[in-house]
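Counting starts at 1 for both ligands and their atoms, following the listed order. Quick note: residue numbers are just sequence positions, from 1.
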Amino acid sequence: MEISTLQKARYAYQPKLPASLSGELTHIVVKLGEPTEAATDQADLKMLFKYSYGKPIARFEAGTAVNSQLTRQLNVGVILSGGQAPGGHNVIAGLFDGLNKGNPASKLYGFVGGPSGLIENKSLLITGELMDQYRNTGGFDLITSGRTKIETPEQFAAALKTAKALALNAIVVIGGDDSNTNAALLAEYFIEKGEAIQIIGCPKTIDGDLKHEYIEASFGFDTACKTYSELIGNIERDALSAQKYWYFIKLMGRSASHIALECALQTHPNVCLISEEVEAKKQSLAQVVEQVCDSIVKRAANGENFGVVLIPEGLIEFIPEIKTLIAELNDVMAKGSEEFAKLHSFDRRKAWLEKTLRADTLATFNSLPGEIAAQLLMDRDPHGNVQVSLIATEHLLSAMAGHRLVELKKAGVYKGKFSVQRHFFGYEGRCAFPSNFDADYCYALGMSAFVLIAAGLTGYLASVRNLTSSASEWIAGGIPLTMMMNMEQRHGSKKPVIKKALVTLDGAPFKAFAAERDTWAVKSSFLFPGAIQYYGPSEVCDQPTMTLKLEQSIK
Ligand code: FBP
């Protein structure tokens with residue numbers, strides 16, 4: 001494949017590392033703290049994770065002599081799981097380099113196509129030459145990704161068979177909350193079977209919802225937000241130039257609104273909806289539309305019939321009446337799955353639901369435009385989630401706003417013009433070249449995964465903290481996966497899962513946004529952040545997200 005000039009330049013980029021990982025790698029000392037607890041559901045989790053619950057936090061420190069654990073010959077497998085996120089190749093590069101520095105005879109296998117590669121024993125040996133073609137690049141194409149959930153006893157047994165066939169010491173799962181939940185279950189399974197195969201997770205997802213005191217950010221969030229913010233800034237400039245459209249932009253992020261919020265902080269749109277706030281205020285769909293129309297009406301009064309509205313991908317699931325509808329749909333579709341699978345047309349599905357749903361839920365279903373109602377009935381992903389990327393919320397809201405503005409016009413409240421452009425930014429940002437932040441962070445995560453393996457730990461998530469300081473001051477180590485888990489209703493029963501970290505309304509990023517948004521709603525206050533800068537002064541090139549800076553009170 002031909003390669004671009006930027007790609008060539010990025011091959012040569014040397015990721016910056018925390019001090020504990022940048023000296024003699026084989027001298028690292030792994031310090032273990034006190035036993036840990038999950039934040040909630042401790043008793044249930046203790047029972048389910050008999051062997052791996054409550055392990056101590058690990059922290060790496062530079063040592064003065066060779067640590068023989070780190071020089072062992074190891075065979076490791078790596079999986080990229082779930083949605084793409086910029087920096088995945090650098091996690092593999094950090095792991096690869098760590099293994100090689102520890103012992104050049106160590107081997108790294110990449111499982112092809114995500115977790116199914118482990119189940120079906122589809123792997124490739126990652127060589128130095130191959131690795132060098134992917135350093136600091138976006139995408140997951142080195143080994144590709146997948147969303148298979150390892151859940152049946154047969155799948156667990158097949159995973160073990162593959163691990164034994166390759167004589168693996170450990171498997172690294174690079175994934176989001178669902179994939180790392182899988183990682184925790186696999187770690188427990190291997191211990192239960194008396195197998196010394198370790199499992200280490202790495203926190204990946206552009207959604208930014210795999211977050212915790214010890215996991216300050218998931219990788220990919222930084223690059224994805226910067227890429228979307230560049231595009232939003234360009235659109236804002238278009239809005240200012242032509243002064244004729246309202247742009248309704250849906251932004252990825254499945255459930256949490258972290259991406260929308262960060263992009264709002266970077267670009268100052270007229271409206272940015274925050275799903276978590278909609279839920280907290282118990283806003284109905286009509287009230288959400290009213291909030292959007294309020295800005296449109298006020299700006300029209302100033303002669304500005306243009307603007308930008310940001311919509312988090314998961315909004316629809318947070319509007320209380322629709323949340324209830326989705327929960328009930330999930331239950332009835334899971335319970336009646338065989339019957340439901342035979343219904344191929346929307347009309348037949350609707351007729352089935354008329355007999356199955358409660359009256360008030362059915363009324364909500366029937367109140368939605370047919371296109372959206374049909375989208376709510378599409379297949380769930382393997383983890384039981386509604387595929388919100390397939391639901392056209394930007395169409396729903398702009399159409400409803402259009403109807404409401406007609407009413408407001410009749411009532412003499414609104415005198416403007418309303419023309420709409422709709423966008424969905426998601427796939428555009430997931431495979432971008434990683435920013436310096438993500439390139440550095442991912443490389444450090446990969447190297448941390450190596451150290452955790454070498455130290456003999458299992459059921460851990462690589463953790464790199466203190467991320468608003470310069471990379472040399474980052475703190476590397478690992479936390480037990482059970483520390484991040486709770487019990488949730490999934491597919492009609494309670495399951496252990498990693499708790500999603502949603503936007504908190506008392507958090508600094510939301511407060512900073514809330515303090516400005518009334519001004520942005522009326523007055524054009526757009527910011528144009530431009531493209532990710534890789535080269536230049538550190539104040540331009542090495543900045544973490546505003547979310548992280550606000551969370552850690554950094555100006
Ligand atoms: P992960 O949670 O696996 O990181 O994926 C996140 C995401 O990019 C969401 O933002 C989006 O809703 C979803 O993946 C889209 O899924 P798909 O890639 O299967 O279309």
> Should Asp440 and Tyr13 be marked as a side chain to side chain donor-acceptor pair (under 3.5 Å) after you check the CA-CA gap, both sets of side-chain angles, and the distance that decides it?
Replying inline: CA-CA 10 Å; Asp440 300 345; Tyr13 178 74; 2.8 Å; yes
>> Apply side chain to side chain donor-acceptor pair (under 3.5 Å) to residues Ser229 and Gln266 and explain how you reach the verdict.
In response: CA-CA 6 Å; Ser229 295; Gln266 287 193 30; 3.2 Å; yes
> Would Gln552 and Glu216 satisfy side chain to side chain donor-acceptor pair (under 3.5 Å), going step by step from the backbone distance to the final call?
Replying inline: CA-CA 10 Å; Gln552 299 187 14; Glu216 294 173 3; 2.9 Å; yes
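Every residue was checked against the salt bridge (Lys or Arg N to Asp or Glu O under 4.0 Å) condition with Glu371, not counting sequence neighbours, and none meets it.
No donor-acceptor distance shorter than 3.5 angstrom exists from the side chain of Tyr247 to the backbone of Ile232, with no hydrogens or angles considered.
Within 4.0 Å of ligand 1, heavy atoms belong to protein residues Gly82, Gly83, Arg147, Lys204, Thr205, Ile206, Asp207, Met252, Gly253, Arg254, Glu313, Ser389, Tyr427, Arg430.
With no hydrogens or angles considered, a side-chain donor-acceptor pair links Asn90 and Asn136 at under 3.5 Å.
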